[in-house]
Amino acid sequence: MGRHFGDLAKIRHVITYSISPFEQRAFPNYFSKGIPNVWRRFKSSVFKVAPPMILMYLTYTWGNHVHEQGKRKNPADYEKDQ
Amino acid sequence: SGVWNFGSLLGLCLITQILTGVFLGMDYTSDISTGFSSVTHIWRDVNYGWLIRNLHGNGASFFFICIYMDIGRGLYYGSYLYKETWNIGVVLLLLVMMTAFVGYVVPWGQMSFWGGTVITNLLSGVPYMGDTLVQWIWGGFSVDNGTLTRFFGFHFLLAFVIGGGTVVHLLFLHETGSNNPGGVNSDGDKISFHPYFSYKDLLGFVIMLLGLTSLGVFSPNLVGDPENFTPGNPLVTPPHIQPEWYFLFGYGILRSIPNKLGGVLGLLFSILVLMVVAILHTSKQRGLTFRPVTQFLFWTLVGDMIILTWIGGMPVEHPYIIIGQIGSVLYFGLFLVLVPLGGWMEN
């Protein structure tokens with residue numbers, strides 16, 4: 001049931017190279033390249049994520065504001081009171 | 001990536017809920033005269049009963065967090081193209097929703113009773129046999145003892161039905177193997193489950209359990225309703241009847257349609273629409289990684305669901321009514337029109 005190693009895909013003419021974990025740094029350039037990369041990933045997605053979230057927030061605040069306004073008494077209703 | 005952890009997390013959630021639920025069931029009594037007080041007894045007298053009940057109640061919230069994230073991952077990366085796995089997943093979502101609904105009635109608080117009354121009454125919208133159907137479900141002429149005893153039974157049973165559905169879900173998934181963020185065939189790039197995914201899943205388990213226990217011990221009532229601290233009373237209606245947070249988006253859609261049957265169908269189709277997503281897939285690419293227009297629409301859907309969740313918890317007054325109606329139209333419009341259009345444009 002399901003698929004097994006050895007029966008997944010046949011790939012030809014691909015050469016892979018690897019280096020021992022003891023011959024390399026575990027987290028190379030973690031901050032020096034990592035932080036600029038986070039900024040790059042943020043820039044590439046912010047204009048797709050932020051506008052709907054901003055619109056959502058504005059709808060929330062506007063809706064609550066209008067609802068609060070609607071609960072206030074209208075002075076015109078009490079003009080003829082003695 | 002990390003969003004592939006939610007499948008195994010859902011398995012952990014199910015095991016947690018079943019374990020805590022079995023222990024709760026040892027001291028709970030499903031009769032209206034003793035139900036609420038048996039929960040109080042568990043909380044106060046049973047050794048660590050308060051913790052077991054905490055974990056079970058908040059565990060349900062984490063179950064829904066994980067299931068919504070799993071569905072979101074599926075929508076974003078086009079995993080729904082594994083149609084059998086996806087459709088069984090939709091069935092699992094419906095089963096989990098049913099289990100959570102009947103489970104919420106079990107403690108027999110005010111919101112248990114009245115939430116149960118509101119939602120079971122929706123079945124009366126079914127033409128011709130609606131009223132008979134509702135009374136059949138109730139086991140009487142209102143939500144009463146007959147309802148509670150069978151709902152406890154359903155809650156216990158459905159948990160194991162979900163377990164069986166999970167096995168079938170995984171059966172189909174293992175025919176194809178998982179999707180990936182690139183949306184490409186990964187048959188030539190497979191690595192062993194152990195140690196890579198065993199440790200990755202274990203990390204996910206630790207993070208989720210940390211979240212669950214933090215919520216349970218620091219802020220156990222954050223997402224609960226204070227009305228449920230009052231025993232259920234058919235003579236006193238709470239001013240604001242609302243379900244738990246994970247149902248509020250559907251509740252918002254239900255109340256946006258000013259017709260009982262229409263609202264019920266809106267609620268039902270808000271879940272069933274997931275089953276047509278694969279049929280409406282128009283793009284030549286599987287996922288949204290390289291599709292900016294549809295990515296924007298995806299985040300619009302996320303924002304819309306948050307808005308509908310907010311609206312579902314608000315009273316039915318201006319301007320919440322019109323916001324809910326626009327939100328509902330946008331929800332269905334995104335799935336049925338805008339996302340297919342986006343995919344076609346991007347081609």
Side-chain angles (χ1 to χ4, degrees), chain A residues 1-22 24 26-27 30 33-35 37-77, chain B residues 1 76 85 167-168 170-178 181 184-193 249 252 288-311 313-327 330 334 338 342:
Chain A
M1 191 193 64
R3 308 182 64 199
H4 302 98
F5 280 118
D7 193 31
L8 295 170
K10 286 192 172 34
I11 295 177
R12 298 171 64 208
H13 307 306
V14 172
I15 302 168
T16 54
Y17 297 91
S18 57
I19 191 167
S20 160
F22 295 102
Q24 60 182 300
F27 294 99
Y30 191 75
K33 285 192 178 159
I35 292 171
N37 194 41
V38 169
W39 174 242
R40 177 193 66 80
R41 286 161 56 206
F42 175 79
K43 275 194 309 183
S44 71
S45 59
V46 66
F47 295 115
K48 291 171 259 185
V49 181
M53 299 298 132
I54 292 168
L55 190 65
M56 170 187 73
Y57 176 74
L58 291 174
T59 308
Y60 171 76
T61 47
W62 172 81
N64 283 333
H65 175 72
V66 169
H67 188 247
E68 284 298 308
Q69 292 289 104
K71 290 199 295 190
R72 296 178 72 183
K73 289 181 181 178
N74 181 6
D77 293 342
Chain B
S1 69
Y76 193 93
T85 310
V167 171
V168 182
L170 289 174
L171 221 74
F172 279 107
L173 177 64
H174 290 169
E175 286 295 304
T176 55
S178 291
V184 294
N185 186 304
S186 61
D187 285 349
D189 290 311
K190 291 284 187 257
I191 53 177
S192 58
F193 184 82
F249 82 95
L288 303 190
T289 313
F290 306 108
R291 295 166 55 191
V293 172
T294 317
Q295 275 188 32
F296 177 83
L297 293 175
F298 174 86
W299 292 108
T300 307
L301 177 69
V302 172
D304 187 42
M305 288 204 64
I306 296 172
I307 289 284
L308 285 169
T309 301
W310 163 58
I311 291 295
M314 290 289 115
V316 185
E317 293 162 6
H318 178 74
Y320 303 133
I321 299 173
I322 189 68
I323 295 173
Q325 288 169 336
I326 294 170
L330 183 62
L334 280 163
L338 294 173

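Reckoned from all heavy atoms, side chains included, excluding hydrogens, waters and symmetry mates. Every chain is numbered from 1, with letters handed out A, B, ... down the list of sequences.
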Exercise. Report the option among A:W62, A:Y60, A:F5 that has the most heavy-atom pairs separated by less than 4.5 Å from atoms of chain B.
Key: A:Y60

Quiz item: Where does B:I191 contact chain A at under 4.5 Å (heavy atoms): side chain, backbone, both or neither?
Solution: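 Backbone only.
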
Quiz item: How about B:F193: does its CZ atom have over 12 heavy atoms from other parts shown lying under 6.0 Å from it?
Solution: yes

Quiz item: Do A:P52 and A:M56 have side-chain heavy atoms sitting under 4.5 Å apart?
Solution: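 In short, these two side chains do not touch, never coming nearer than 4.5 Å.
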
Practice problem: Measure distances from A:D7 to the heavy atoms of chain B and classify the residue's part below 4.5 Å as side chain, backbone, both or neither. | Solution: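 Neither the backbone nor the side chain of A:D7 comes within 4.5 Å of chain B.
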
Self-check item: Non-hydrogen atoms of A:T59 and A:L55 that approach each other most closely
Solution: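 Heavy-atom minimum between the residues: OG1-O, 2.7 Å.
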
Exercise. Hey, could you give me each pair passing side chain to side chain donor-acceptor pair (under 3.5 Å) that has a residue in residues 39-51 of chain A? Not counting sequence neighbours.
Key: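 Matches after skipping sequence neighbours: A:N37-A:R40, A:K48-B:Q295.
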
